[in-house]
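Just so you know, residue 1 is the first one in the sequence shown, and it goes up from there. Counting convention: from 1, in listed order, for ligands and their atoms alike.
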Amino acid sequence: MTAPRFAHLLRPELADLAAYVPHTGDHEIRLDGNEAPPLLSSNARAGVAHALAAGGLERYPDPRATELREAIAAHVGATPDEILVGTGSDEVIALLLTTLSQPRAGADAATILTPSPTFVMYRLSAAARGIRVLEVPLDERWDLDVAQMRAAIEAGQPNIVFLATPNNPTGNRMSEDRIRAVIEAAEGALVVLDEAYVAFAPASLAHLRHVYPNVAMLGTISKIGFAALRIGWLVGPVELIREVDKVRQPYNLPTPSQRAATFVLRELRAEIDHVVAHVVGERERLGRELGRLGFGVSPSDANFLWVETKRPAKDVFEGLAASKILVRSFHARGGRLANRLRITIGTREENNRLLEAIARWA
Ligand SMILES: *Cc1c(COP(=O)(O)O)cnc(C)c1O
């Protein structure tokens, strides 16, 4: 309910938004957030704990995150001045939207374009800033519909086109030739390729950044085991990074997060590879087993499965919740999402518990 005292001051778009409240309740197994299973060795954990504790409490963090940007640059094959770091890629998305919000010539509002379904933060973050959101449905294989995307770019003159690949919640990568076609059609816009799940995929599209001047990449350590640190980044042309950096709060990254993330990227490559290999192996096994039970499972290059249920997804979701297992359901969105669940890959035991519980709903 809106407090009448402030009603005249509120941005009208807020009427359609709700605060993001992750599912509550006493679930024993949470396969809803695309986080990594807790498989880090105790040595690695001790190293992260040491990094978290280093640095004085009284001083503000390094406002330029110099060491962390160097570590990210080495990790992604860029230079530090091509990197901007945020409290998760969520913050980077918000900073981009604030920075690039001048309506295009001939457009009556700043606009973003995304395929649908995709990561919800593009839409929510844009709406909160009064930026118009255009959505183009993915095709029947959850790949880009280039003709419709082109038409939307032509008609809507977007400032930014967001493409997540692998995509959340569908798990697949977009075809590279289709991505290229969209980038070429969106010459006057920034195209953001969000590779939050690239660790679980066979290849990155980072090379496109060197082919097209209107491309920037998003990355994060949230999905590979370090969601608690809230570290995500943008890799892009120096002249873009410089402008976005003006919008960033100088002390957006706490010292413990900067130090721990630097340690993670420099020292824990082998550990991360081990966790990723587990997730990929379990993803293939869980996919096969769910298929055997009669569920439709889309090919996934991410750390989750996009599962088609024969019964309404709401029933399966609630049945699993009764077994204290939380997954993500999209039934509220209706249409072709009414019978879809997104299931994060967990530990072997968690995945077995899920299989046991979901069998009843096949
Ligand atoms: C989870 C996710 C993110 C969010 O990453 P953070 O760095 O944790 O903010 C970004 N993009 C996509 C597509 C995601 O699924």
S.K.: Students should find this: residues with any non-hydrogen atom under 4.0 Å from ligand 1. What is the answer?
M.R.: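 Ligand 1 pocket, heavy atoms under 4.0 Å: Gly88, Ser89, Asp90, Phe119, Tyr122, Ala164, Asn168, Asp194, Ala196, Tyr197, Thr220, Ser222, Lys223, Arg230.
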S.K.: Is it true that Phe304 and Tyr197 have ring centroids separated by less than 6.0 Å?
M.R.: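 Phe304 vs Tyr197: aromatic centres under 6.0 Å.
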S.K.: Test your reading of the model: is there a side-chain donor-acceptor pair from Arg328 to the backbone of Arg342, 3.5 Å cut-off?
M.R.: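 Here the side-chain-to-backbone pair does not exist.
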S.K.: Tell me the closest heavy-atom pair linking Gln157 and Ala105, and the distance in Å.
M.R.: OE1-O, 4.2 Å
S.K.: Just to verify, what does Glu184 make a side-chain contact (heavy atoms from CB on, under 4.5 Å) with, not counting sequence neighbours?
M.R.: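 Result, side-chain contact (heavy atoms from CB on, under 4.5 Å) vs Glu184: Arg180, Tyr212.
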S.K.: Of all residues at least two apart in sequence or in a different chain, which pass the side-chain hydrogen bond (donor to acceptor under 3.5 Å, both in side chains) check with Asp139?
M.R.: Arg178
S.K.: For Pro256, enumerate each residue passing the side-chain contact (heavy atoms from CB on, under 4.5 Å) test, keeping only those at least two apart in sequence or located in another chain.
M.R.: Leu52, Pro254
